[in-house]
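What follows is a short report on a single structure.
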Amino acid sequence: MSDSPRKTVLTAAQPTGILTIGNYLGAIKHWAKLVDEYECLFPLVDMHAITVPYVPAELRQRTRSLVAQYIACGLDPEKCNLFIQSHVTGHAELAWVLGCLTPLGELQRMTQFKDKTAKGSPINSGLFFYPVLMAADILLYNADLVPVGEDQKQHLELARNVAERFNSNYSETFKIPEPKIAATAARVLSLQDPAKKMSKSDENQGATILLNDSPDVIDKKISRAVTDSGSEVKAGSDKPGVTNLLSIMCGFSGRSIEELQSEFFGVGYGDFKKRVAEVVIEGLRPIREKFESVNDDKAYLDGVLKEGEEVAQKKAYKILSKVHRKVGFVERFR
Ligand code: TYM
């Protein structure tokens, strides 16, 4: 289906704030390793970002900043396509068609939607439709592989279902995308409430470590991270805070939980946290430096996004024309 014989990877993040180490360890770090082997498309999903309350000027600034963060995390624009979702109108167009194939009940079962509605704040229908737009992001490029953190698993399942349904209603069109979930740190938790995932939109600043946090700030946030009863540095369901810190350390150091547990045998929480902070600070240093060097270069960032858009647009047009024909729309006149 694609122009090149390489398989296609598509995955995305929302420009809803500076990325956290959860986004990095659970997702973006792994995307950077795929760019040599796969045709990679990384849209910045600004249309998803308007499903929750937001400030327009901030969204624009965050979208440009996200591309700088992607580059800082190692997504080399020479090797992958970085573009803005709303620049390729096919995302919205395909979402409509796929929405007409998605039973209401499937969307009502989405846990992320249920969690957000449970908070009691006003909900718009865009938030309800969110997983269909996400399916369109993936299917518009016939992606083979979708590397994501654990929290996106259910959305991926919906994308697979809708692709299968389209293929069975209208004949084989879409590949069925495979999720790829990180082996470690697939769900980094809040430093203040390890029952919740770490999220870039968390209002409690102590709960997250952002990619551009200074060493001092990282040190403070980790020293104040919630730990568990007892004093042993050991992973387990009774120690979610310590387990989270161990898994963060695994993500940055590449070492296993077992290795780290033996290194910290007999060491108290205070010293353990100091060591975790050092590893995180060192791991983020090159990212923060690269981010600072590209974030203000608007001409460069816009150039990257323009090139990415051109590639994405061509690919999207091909599949969308096929979809329109299959569902019975009259061919466009131009
Ligand atoms: P978003 O912006 O919430 O997150 C981007 C990526 O980071 C992962 N992630 C985490 N991984 C581990 N621990 C965490 N605490 C953590 N928080 C976030 C996410 O799993 C994701 O891989 N719905 C998506 C965006 C999206 C998308 C798509 C993804 C839109 N269209 C198409 C894949 C394919 C989202 O909100 O990601």
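Numbering of ligands and ligand atoms starts at 1, following listing order. Just so you know, these numbers use all the heavy atoms, side chains as well, and skip hydrogens, waters and symmetry mates. Note that the coordinates shown come from a computational prediction; the quantities given were computed from them, not determined experimentally.
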Distance from [atom] to nearest protein heavy atom, with residue and atom:
atom	value
atom 33 (C) of ligand 1	T11 OG1, 3.4 Å
atom 31 (N) of ligand 1	D137 OD2, 2.6 Å
atom 22 (O) of ligand 1	G149 N, 3.1 Å
atom 18 (C) of ligand 1	N23 ND2, 3.1 Å
atom 23 (N) of ligand 1	Y130 OH, 2.6 Å
atom 28 (C) of ligand 1	M134 CG, 3.4 Å

Does Q85 reach ligand 1, in the sense of a heavy atom lying below 4.0 Å from it?
->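 No, Q85 has no heavy atoms under 4.0 Å from ligand 1.
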contact_flag A185 ligand 1 heavy-atom lt 4.0 Å | yes
Is there a donor-acceptor contact under 3.5 Å linking the side chains of Q69 and S65?
->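 Yes, because at least one side-chain N or O of Q69 sits under 3.5 Å from a partner of the opposite role on S65.
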Between [X] and ligand 1, which residue portion shows a heavy-atom distance shorter than 4.0 Å: side chain, backbone, both, or neither?
X	answer
L25	neither
V45	side chain
Q14	both
V148	both
S199	neither

How far does [atom1] of [X] sit from [atom2] of [Y], to the nearest 0.5 angstrom?
X	Y	atom1	atom2	answer
R288	S293	CZ	OG	12.5 Å
I18	N295	CD1	CG	7.0 Å
R62	D46	CZ	CG	13.0 Å
E172	K326	CD	NZ	7.5 Å
F252	L284	CZ	CG	4.0 Å

Give the atom numbers and elements of ligand 1 that come within less than 4.0 Å of a heavy atom of [X].
X	answer
V146	33 (C), 34 (C)
A13	2 (O), 5 (C)
A27	6 (C), 7 (O), 8 (C), 22 (O)
M198	14 (C), 15 (N), 17 (N)
R187	12 (C), 13 (N)
A186	11 (N), 12 (C), 13 (N)
K200	1 (P), 2 (O), 3 (O)

Identify whether the distance between the nearest side-chain nitrogen and carboxylate oxygen of K197 and E150 falls below 4.0 Å.
-> no
Does a side-chain N-to-carboxylate-O contact under 4.0 Å join R160 and E178?
-> yes
For F129, enumerate each residue passing the ring pair (Phe, Tyr, Trp, His ring centres under 6.0 Å) test, keeping only those at least two apart in sequence or located in another chain.
->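 By the ring pair (Phe, Tyr, Trp, His ring centres under 6.0 Å) rule, F129 matches no residue at all.
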Between the candidates P131, G22, G251, A12, which shows the shortest non-hydrogen contact distance to atom 25 (C) of ligand 1?
-> A12
When you measure from atom 13 (N) of ligand 1 to each heavy atom in L66, V188, I28, which option holds the nearest one?
->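 It is V188 that holds the nearest heavy atom.
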Between [X] and ligand 1, does any nitrogen or oxygen pair lie at a separation below 3.5 Å?
X	result
G26	no
E150	no
L10	no
W31	no
K197	no
D151	yes

Heavy-atom distance under 4.5 Å between the side chains of F83 and Q313, does that happen here?
->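 Side-chain contact under 4.5 Å: no.
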Using a 4.5 Å cut-off on heavy atoms from C-beta on, say whether the side chain of K239 contacts that of E232.
->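 In short, these two side chains touch, coming nearer than 4.5 Å.
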Would K306 and E310 count as a side-chain contact (heavy atoms from CB on, under 4.5 Å) if you check the C-alpha gap in whole Å, the side-chain angles of each, and the deciding distance to 0.1 Å?
-> CA-CA 6 Å; K306 183 166 178 280; E310 279 162 15; 3.5 Å; yes
Least distance between heavy atoms, M110 atom then P131 atom =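 Scanning both residues, the minimum pair turns out to be CG-CG, 3.8 Å.
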When the aromatic ring centroids of F113 and Y130 are compared, is their separation below 6.0 Å?
->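 Not under 6.0 Å, so no.
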Between Y141 and H91, is the ring centre distance below 6.0 Å?
->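 Y141 vs H91: aromatic centres under 6.0 Å.
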Candidates D144, N142, N167 - the one meeting side-chain hydrogen bond (donor to acceptor under 3.5 Å, both in side chains) with K175 |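 Testing each of D144, N142, N167 against K175, the sole residue satisfying side-chain hydrogen bond (donor to acceptor under 3.5 Å, both in side chains) is D144.
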